[in-house]
Every structure is written in C-alpha cells, then in structure tokens.
Novice: 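Here it is: the structure, laid out below.
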Amino acid sequence: MIKKSLITASVLSIFALICAALLGVVNFFTSPVIKAHEEENIKKSISLVCPLYDSNTMDITTNEDSKAKTTYLVSSKETEELLYVIYIVDATGYASTIEMMISVDKDYKITGYKVLSSAETKGDIKSHDFNMIGSNNLDSFDTLAGSTYSSKAVKKCFKLALSYAKEEFEGGQK
Amino acid sequence: MKDNFLKGFFKENPLFTMLLGCCPALAVTTTVENAIGMTLAFTFVVVLSNLFISLININEKIKELIQPVRIAVYIVIIATLVTVVEMLMEAYFPSLYSSLGVFISLITVNCIVLGRAEAYASKNKPLNSIVDGLSMGLGYGMAIIMIAFLREVLGAGSITIWGSAKLSLIPVFNFLRIEPISFFVSSPGAFLVLGLILGVIQAINNKKVLKNKNKRQSKKEVK
Amino acid sequence: MNMAQVITILISTIFIENIILSQFLGICSFLGVSKKRSSAIGMSISVLVVIILATLVTWLLYNYVLVVFDLVYLKTIIFILVIASLVQIIEIIIKKFAPSLYKSLGIYLPLITTNCAILGIALKTVNYGYGFGTMLLYAIGSGIGYFVVMYIFSVIREELEQRNLPKAMKGIPIALVVASILAILFSRYVGIAPKVEDEEEALRETYVIENDIVEDENIIYYDHNYEDLNI
Amino acid sequence: MEKYLVIKGPYLRSADITKRNTSTIMRDVLIALLPSIAFAIYKNVVLVLINGIYSSIYHAIYPIITLILAPLTSLICEAISLWVMKKRGIKTFKDLVEELKVSYGIFPGLFIVLISPTYIPLWVLLVSVAVGEVVGKMLFGGFGQNIFNPALVGRAFMAFTFSSHLGDAYLTSYELTIDAYSAATPLTSYAKAGAASIDIVNNYGGMFNLLIGNYPGALGETSTIAILIGAIYLIIKDVIDWRIPVVYLGTMFFITMIIGFIMGQGLWFPLFQILTGGVAFGAVFMATEPVTSPKTHLGRIMYALLLGELTVLFRLVGNMPEGVATSIVTMNIVGLMINKYVTKLRVEDKLTKKNCYGLVIFLVFFVLLFVYDVVMGVK
C-alpha cells in the first residue's frame, strides 16, 4: 500500500519536475525579451511624458532611495545637471490600483503624465486630459466626469509626484 | 476525420451546446482582437495537451502507473502549456497579454481542456486527438469571436481585428445620430448578449425538436 | 488598517467588484449549481472556505518561496497543485470529523478544484501585489460575494420555475439575463461604503508640513479640499 | 367548494373572480397617472410657451413628443416580441391585437418617460424603453411573469449606460435662465452642497413649491400633490395597498428626521427628502406593483420598511442623488425571499423556534441598516 502510493507520488513529482524544467527553459528564452520590452516601454513612456527627452544628450538613472515606487532621473550628459525627475506612483481608485508615470522638470512644472495601468471599469481614464501639463497647481486639475473615484486616485498620484519632486530638487540645491 | 473536425463548430460546440468556458467568453470578448488572441492561446493549449496526453496514454505501462493521479498529471501538463503560452505572449504580444490579463492563466482550469483530455485524448490516437483539439479550440474561438463582434460593434462602434487593423463604424453611428451603447462592452452587457444568443439557439433547437416530432407523428399516421 | 477601510474593501468586493458579476470568475459553477437553494448554499460555503485557505497558502508560498528563489513563472502550476491538494485534505478532514457535513458538501468539493474562482482570486492577489491584510479581506469578500450572488440567484431561479417563461429562455438563457440585471444593480451600489481617510495620505501630509516646504506661496501642490471630489 | 378555485398562476388578486379584473385595475392606474401627466405638461410645455423662453418649437413641445413616443415604442416592442415568441399560440394579426389588449404594453414606456429627465435625447429614451420592455418584461414571459419592475429595469439601464446624458437633461430652457435653478435638481444640489442648510429649500421656492412641483426634475415626479391625488384614487379603488406607500414614506421620514436632528436641522429636512425626487412617485406607482411586491400584509410592511432604509442609504450615504429606482429593484429580489418566508409562516400558523430565524435575520438587517444610515448619512 505504502509502496504503491510512494510510486504514484514519485510519478507525479517526476512529471511536475519535467514540466518545471521545461518552463525554466522557456523562461530562459523569453525573460530577456520581456525585460527588453519593459526597458523599451520605459524609454517610450519617458519620451512620451517628457517631450524634450533626447537619448543623445541625456542620461537616465534610477534613484533607489526615493520614496516613490520607481524614480528615473534624467540629467544632461554634459553638465550633469538634473533636468527631469520621472516618478511611477500609484493610488487606489474605484476598482483597482492606478499606476501613473509623471514627469516634473527642473522648473517644478509637470511636463507630462501617462496612466500606465488601470483596470477601472468606468470612464476612459487613459485618454482623459487632466489639464495638469505645465502646471504645478492641483486647482487646475480637471476631474473626469462620472469617474470621481478614479479621478481622485489620479489626483493623488499628481500630488505624490509633486511632493517627491519638491524634495528631490530642494535636496539637489543644498 | 472530417466529422471529427467539424463537430466542435456546431454539433458539440463547447460554449453553445455544453456551456463550458463561460468565464473567458464573457470576460475577454470586449474586442474582436482579444477574442482572436484568446482563441489562438486556447487552441494552442488544447491541441498540445490533447497530443501529450494521448501520447502518454499510448504506453500501457505509463497509463497504469499514472492511473490514480491522472487528473493531477493532466492538470500539471495543461498548466505547463498555459504558462508557456503566457510567457510567449508576454514576450511577443505584450499589449494583448495585458488586455487578456488573468484569463490566460485561467485556461488551466477551463473545463473544456481537462474535459477533452479525460474524455477524448486519453482514449484515442495522437492524430485524432490533435484534430479533436483543433476542432474544439476553433469551435470555441468561433463562438467567442461572434460574441466579441456583437459586443464591440454595438458597444464601441468598431471592429479591431489585430493591432492597428481596426475598422471604425463611428461614421455610421453619426449618420444615424446615435452613439455606441457602452452598455454592451460592460459586464452586464456581456451577460445579456450571451443570454440572448443562447436563447436564440435554444429556440432553434426547440423548433428542430418540434419538427422531428411532427415528422415522426406524420410517419406514424401514414403507417 | 482601520474599520472604515475594512468595510470599504468588503463592500466593494461583495457588490461592486463582485467575483461573479463583474470579474466573471466561477461562472460555470454559478450557472450549474444555482438551480436549488440547498445546493447553492452548499457550493458557496465550500467555495468560501476553500477560497480563503487557498489564497492564504498561495500568497504565502508566492511571497516567501517563489519570489525569493526567482521562480515566479511557476506560479500557475504550483497554485493549481496547492489548490488541488488543499481540496483533497479538506475533503479527508471533513469526512473523518464531520460525516454529516461531508454528506451535504462532499459532492461539491471535487468540483472546486476546477472552479476558476479559486485560482483566479489566488492569482489576482499576487498579480496586484496586495499586502497580507488586503489579501485576506479580498479573499473573504470575494467568497462572501460568491455566496450572496449564488443565494440570490437560487431564490430567483426557484421563483422563475413557477413562472410561465418563454420556452426559448428557460434555464440558462434567462439566468444570464437576470445576471445582467443584477450586475447593473450591483454596480449602482458604488459609494455606499464609508469614505476612507487614507492613512498614507495623512502621513504624507504631516511629513510635508514637518519639512516646512508648504510655505512657498507660489506652489500649492497640496490642498485641503480635494475631498470635494467625493460627491 | 366553489370558493376554492384552482387556477394556474399568475394570480393577480381574488378580484379576477369578482367584478374587478386586471383590465379595470390597469385603467385605474392610468386614471391615477393623469394628474401627474397633466401637471408635467402644464409645467414643461404650457409654462414654457407662455413665458416664451424656448429656442425652438420642437424644444418647447419635446415633453409631449416623448410622452407619446415612449409608450408607443414600448407597445411596438411588445407586439414584436409577442410575434417573434409566438406566445400563447398567436397565429394571426387578430390574435396579436387581442393579446396586446390584455398585456398592457404601454405601461413600461409611460413609467420610464415619467421618471426620466425631461430633456433626455430621444434615442436614449427609446433605447432604454426598449430594453426595459424586452429585457425586463418580455424575456420573462410578458405581463404578470416578470420578477423585476420593467420600467425600473429600463431606468436603471439608462442610468448605467447613459450617465453622461443625464446631467443637464432635467432643466428646461426656461429653468436654465433663472439663476436659482442653475444647480439642477434639488437633490443634486443637496448632494453637491457641503452641508445641509434650509437655503436649498428656499432656492427652489420654499416648501410649498416643492409640494406643488414647479422645480426641475423628472417629468412625472416633481408634483407630490398630483401624485397624492392619484394615490388617494388608487387606495379608494383598492388597487394598491395603502401599507406600502405609507410605511415606506414613514420610514424615510423617521430616519431622515433623526439624521436631520443630529445635523441640527429642523423638520424641513425630512420633508425635503420626501417631497423631492422620485420618492412619492416610486412609493405610489412603482413599489406597489402587484406582480413584483409581496402578497401578504406582513410581507408588504417588511418590504416597505427595508425599502425606506435602502432609499436613505443610496441617497444620503451613496453617491447618487436619487436612489429610489435602485432600492426598489433591490427590494424586488429581497421581496421574493420575504414573500416565501411569510407564506411559510402563514402555513405553519405560529411562530416556533424553527421558523423564527427569518424574522431574526430581518430584524438584524433592519437594525444594522438603520444604524449605518444614521451614522453615515450625517453630513
């Protein structure tokens, strides 16, 4: 009896191991592609949120100490001056967590933003214009009608990004 | 062989006649593109799982060995295939991957795949099993593409086939002075569309049954 | 996590983001088993128990084993095995210690392994990166949401049995139509949850004030009445 | 034995056997609706024409167009679906007309137009009417078979799908020109206001005007006095049970009064909540629908109690200003359970340990909702 169940258990585990090994092989081939995709996406979104980004004259580094989920620092290659700070921040919306990429320039103005992931059921939050570009004043924030909760989350993202950016630039000056 | 291939489309359509795989049929049918992506992923999984499972079952010794845990073995095989599809899709079709979401992984517990493995592939030859898988996958795909077509045309006023190959019907809507009814791409719309389609199918079946009955009756009378 | 947050997560998972009506998980069992009240209750109690246990175990496994050893890509295969064995163990335990319960729930337990609600919730909690508390509440809320919809549905379907339905709509088609109406209804419950005072938000504000950055008069990046959005 | 007739459902009432039957009942409902319709036409058409403030004549008589087209659409949808489904052996056109006579196809359309914003785009209204009629009524088998109120299914569909069209559609061009009205309906302005204050009532011409109904709102809902006349007629004719509207409005009044007192407001607050929006209309014409409401007195009282609490919940706690439609559709479902339970109680004829669990669950729900309403409703 015990022998029999041991055999079946080992058969099952052999199958599982074979499958896991197979997956490992596939993963070995696909994970670099996925990573490359991610990097390309980041570059693409960075050029979307800061229209003046130029890969020839600017460098992207990440700031690990930042409070934001991810922080990219865009600085000039020549002078090493910090030009843009780009944050990935998130906030809980109506039905899901909204993740946004927001870029703030050295004059402390928002140059662009992009909703990276949102599974909100209502309202087209990804294409709505929140009227925040070129501004740092949340009073000009334009709520998406009918999606109060999602808008609130987006607003919170802006707020977080602006407060992080404030620190970043203030710290830089000191 | 031909019958074996065609059965999944009408006679034994997994969605319309057996009501299997309702979850993705409701969830990913917001655009035709998603439905096509789901069809490809699903067909890939069901064909290969059928193939592997019938291969395993060819050897009597292995068949006997795995008999007590065969469902678990099948599930492991299916889950592996699903993960392969998932990884390939994430690598090469990232936008499709993100819009299909968790429902790619959930092919693992889709009753159709496991059902075919247990009911057909474990008893038949590899070639037949492949044809059976193709038939089921494409038949299911036909059903969900049909639903997606209805929902997208009514709800978003467009037909997205693949990537940028998109046909916008907004001018037609503008001409009629109405807007697409976003209800149909929302979750209640999914239930309603599937319910109405199944109602129509049931009505047709009822009619067929009635006709056969009448035929039999008239035959009896002739006798 | 305070009381208001707990209620908010529960209400949103039970009604607004209902596992069946809005996330489309567990539809097969929902259509198949909701014909009779007793079977609906049996099935949903089993799902409720398994969903909580399975999500808990898989969450722990994912965060403390898979992530640590960089084996995230094995999650589907591991999760489904965990769920299958969990169901087996529960079945054995119930059979041994509560035979009468086993009699009423026993037939539903094997069906649960292939119920996509369980795997779906387990995968969603790790995909969204929920913390421990949120994960637990999410699982509990989803299970209760499943129960609520199954119960309501069984009542409605028992009632529909007595009505003079068109032949074409009998059974599953009318059930789907009712599901559609129910989904509209539940989506209208948005906002009955308490308005959450966001802790992180509060922390952030005190932090800002402590650092004395607020006084720059040209920059109003933080305002007190953003709550007005919350009509 | 003649007293005990064994017939197949639907049982509308014992009236089927005596002089009154469904057709006289539906005629009475139509008569009871007349004051509301007349007032709607007076307010939205006659007054607009007299004051001469309208952009085009089409805009001025728009309410009349909707009042005609919506019931017509609903009737046509009913005819088409009856024809397609071939229910009850309809074979010729004559059969169809006969069937239409007893299936009352105009009512869903009429109710929907009366509880919708006045200036809603025509296609939006007609699509909602068609959905309410077909999905809410015909798919369930037509008159007497539905479990949800068809008109409210249509209205809920409208609110769910076309929310962007609903905002300003309440206002006539006449009302838009007056400053005080610029904040849309009274309930929307209450929802938008930071705190409760009697100014809201004064902005709309005082409590008396709220009673008369000359303020922005849905076509048939605004005039409480006209609805009241209809209600008295229906109660005298024994078409509706007085318990449902009275208990419903009483519960709402009581809870909002408590909330008002906590907020330091006077009696105006509960009155304001009852006089505005669709509460009165819903209480008289929607909640009492014989097919979807419970059949016993006790059941009806339980039903109306929960209904009042739910309306307060959706109005004052939830983020929708109205909430009557949602609460009535919710109670259509809960009503099924109540009905089942109360019938069981009546059969067993006494309260035992075994069958009191339903009452306990009801009481727990009632108290919990009550506390939640009061705690969360305070602004």
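Heavy-atom basis, side chains included; hydrogens, waters and symmetry copies ignored. Keep in mind the model is a prediction, meaning the values are calculated, not measured. So you know, we letter chains A, B, ... as the sequences are listed, proteins then strands, and number each from 1.
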Novice: With a 4.5 Å heavy-atom cut-off (strictly below), which parts of residues 91-108 of chain B touch chain A? List them by number.
Specialist: Ala91(B), Tyr92(B), Pro94(B)

Novice: Identify the residues of residues 73-86 of chain B whose heavy atoms come closer than 4.5 Å to a heavy atom of chain A, ordered by number, or report 'none'.
Specialist: Val73(B), Val76(B), Ile77(B), Thr80(B), Thr83(B), Val84(B)

Novice: Quick check on Val26(A) against chain B: is it the side chain, the backbone, both or neither that has a heavy atom closer than 4.5 Å?
Specialist: both

Novice: Which bit of Leu23(A) is near chain B, if near means a heavy-atom gap under 4.5 Å: side chain, backbone, both or neither?
Specialist: both

Novice: Give, for atom CG of Asn27(A) and atom CD of Glu90(B), the distance between the pair rounded to the nearest 0.5 Å.
Specialist: 9.5 Å

Novice: How many angstroms lie between CD1 in Ile14(A) and CD1 in Ile66(B), if you round to the nearest 0.5 Å?
Specialist: 12.0 Å

Novice: Counting heavy atoms not belonging to Phe5(B), are there more than 12 under 6.0 Å from its CZ?
Specialist: yes

Novice: Quick check: are there more than 12 heavy atoms from other residues, nucleotides or ligands sitting under 6.0 Å from CG of Asp107(A)?
Specialist: yes

Novice: Residues of residues 26-47 of chain B under 4.5 Å from chain A (heavy atom pairs)?
Specialist: none

Novice: Using every non-hydrogen atom in the two residues, find where Thr8(A) and Val69(B) come nearest and quote the distance to one decimal.
Specialist: O-CG2, 4.2 Å

Novice: Which value, rounded to the nearest 0.5 Å, describes the distance between Phe15(A) atom CZ and Ile62(B) atom CD1?
Specialist: 6.5 Å

Novice: Select all residues of residues 114-122 of chain B having any heavy atom within less than 4.5 Å of some heavy atom of chain A, and report them by number, or 'none'.
Specialist: none

